[in-house]
Amino acid sequence: ESMCAATLQVCSALHEAGVKISFDPNVRKELMGNAGYLAAVDEIMSLTSIFLPSEDDAAALFPGKSFAEFATPLLAAHMDYFVLKKGDHGCEAMDKTGQRLRLPPHKVEALDPTGAGDSFCATFVTLTAGGQLSFPDVLSRANAAGALAVTKLGPMEGSGTLAEIEKFLASRP
């Protein structure tokens, strides 16, 4: 619980200083019964600009609700982007203007899913922070980064450079 309190304190201080927070909740089912855990997730979500849950995370946090039902109110309240990672089903995202995008998965030979979500998130957050690409272009590159990650064995080995991501996208039909 002290780690939880420290995380909340740091996130709050950063948010108050104007730093945009990105959050991949990586919900752990074994902690779902802990009220403090869910309260901490809710509090961090209230400070978040870029929210990047997986389908499993969303199902645990917003049971029985559709993407629009859980994303729209959070975007209206304070989030800039709500990005739902759907693994081998691609991704779905919405921005604060209401622009909604769905991208299919890339067909690749999957060797190891470890690190795919992290590669996706890192690409989305980095390119968004860079401010050079549109929301659809950022999402496309994040989706490609996740696909590239599964083609290598290991959690970090699949993380490609932007040049590798661009080359991968250029090779797609």
Side-chain angles (χ1 to χ4, degrees), residues 20-29 32 41 44-45 48-173:
K20 292 196 178 270
I21 305 290
S22 65
F23 183 32
D24 174 356
N26 200 12
V27 173
R28 293 289 174 235
K29 290 182 176 134
M32 287 299 288
V41 169
I44 293 173
M45 275 196 319
T48 296
S49 295
I50 302 174
F51 192 47
L52 301 139
S54 68
E55 280 185 303
D56 288 344
D57 295 336
L61 295 171
F62 313 107
K65 292 188 176 177
S66 71
F67 177 78
E69 288 173 327
F70 53 72
T72 303
L74 292 169
L75 289 160
H78 58 85
M79 288 183 184
D80 295 328
Y81 300 97
F82 194 115
V83 182
L84 186 63
K85 298 172 295 183
K86 299 165 87 172
D88 60 4
H89 298 288
C91 60
E92 187 167 358
M94 193 182 307
D95 71 3
K96 65 183 169 191
T97 71
Q99 183 177 13
R100 186 171 174 179
L101 304 169
R102 290 183 193 97
L103 296 181
H106 290 282
K107 302 282 187 219
V108 295
E109 186 176 332
L111 295 179
D112 183 3
T114 311
D118 295 329
S119 293
F120 181 107
C121 292
T123 301
F124 189 90
V125 170
T126 301
L127 294 178
T128 298
Q132 302 296 311
L133 297 174
S134 67
F135 171 44
D137 287 343
V138 168
L139 190 65
S140 172
R141 279 142 187 86
N143 196 41
L148 275 171
V150 304
T151 66
K152 304 253 173 60
L153 193 59
M156 309 264 298
E157 292 70 11
S159 296
T161 64
L162 184 54
E164 290 168 332
I165 292 168
E166 297 289 357
K167 183 178 177 184
F168 174 80
L169 285 171
S171 74
R172 301 273 104 182

I need the minimum non-hydrogen distance between [X] and [Y], along with the two atoms involved.
X    : Y    : answer
A149 : S119 : CB-OG, 3.6 Å
P113 : V150 : CA-CG1, 3.9 Å
M79  : K96  : O-CB, 3.5 Å
A147 : H106 : CB-CB, 3.7 Å
H89  : P105 : C-CD, 3.7 Å
P136 : L101 : CA-CD1, 3.6 Å

Could you go step by step and tell me if I50 and F124 meet the side-chain contact (heavy atoms from CB on, under 4.5 Å) rule? CA-CA 9 Å; I50 302 174; F124 189 90; 3.7 Å; yes

From [atom1] ([X]) to [atom2] ([Y]), nearest 0.5 Å:
X    : Y    : atom1 : atom2 : result
D56  : N26  : CG    : CG    : 10.0 Å
E55  : E92  : CD    : CD    : 8.5 Å
L75  : S49  : CG    : OG    : 10.5 Å
F82  : F70  : CZ    : CZ    : 5.0 Å
S134 : Q99  : OG    : CD    : 7.5 Å
E164 : L148 : CD    : CG    : 7.5 Å

Do D57 and S54 have side-chain N/O donor and acceptor atoms under 3.5 Å apart? yes

salt_bridge(K152, D112) N-O dist < 4.0 Å: no

Does the pair R141/E166 count as a salt bridge with the N-to-O cut at 4.0 Å? yes

Could you tell me whether the side chain of [Y] reaches within less than 4.5 Å of the side chain of [X], counting heavy atoms only?
X    : Y    : result
L139 : V83  : yes
D24  : P53  : no
T72  : M94  : yes
T151 : L111 : no
N143 : S140 : no
C121 : K85  : yes
L127 : L162 : yes

Quick one: do K20 and D80 satisfy side-chain contact (heavy atoms from CB on, under 4.5 Å)? Show the steps, please. CA-CA 9 Å; K20 292 196 178 270; D80 295 328; 2.7 Å; yes

Can you check whether Y81 and F51 have ring centres sitting under 6.0 Å from each other? no

E69 atom CD: more than 12 heavy-atom contacts under 6.0 Å: yes

Please determine whether the number of non-hydrogen atoms from other residues, nucleotides or ligands lying under 6.0 Å from atom NZ of K86 exceeds 12. yes

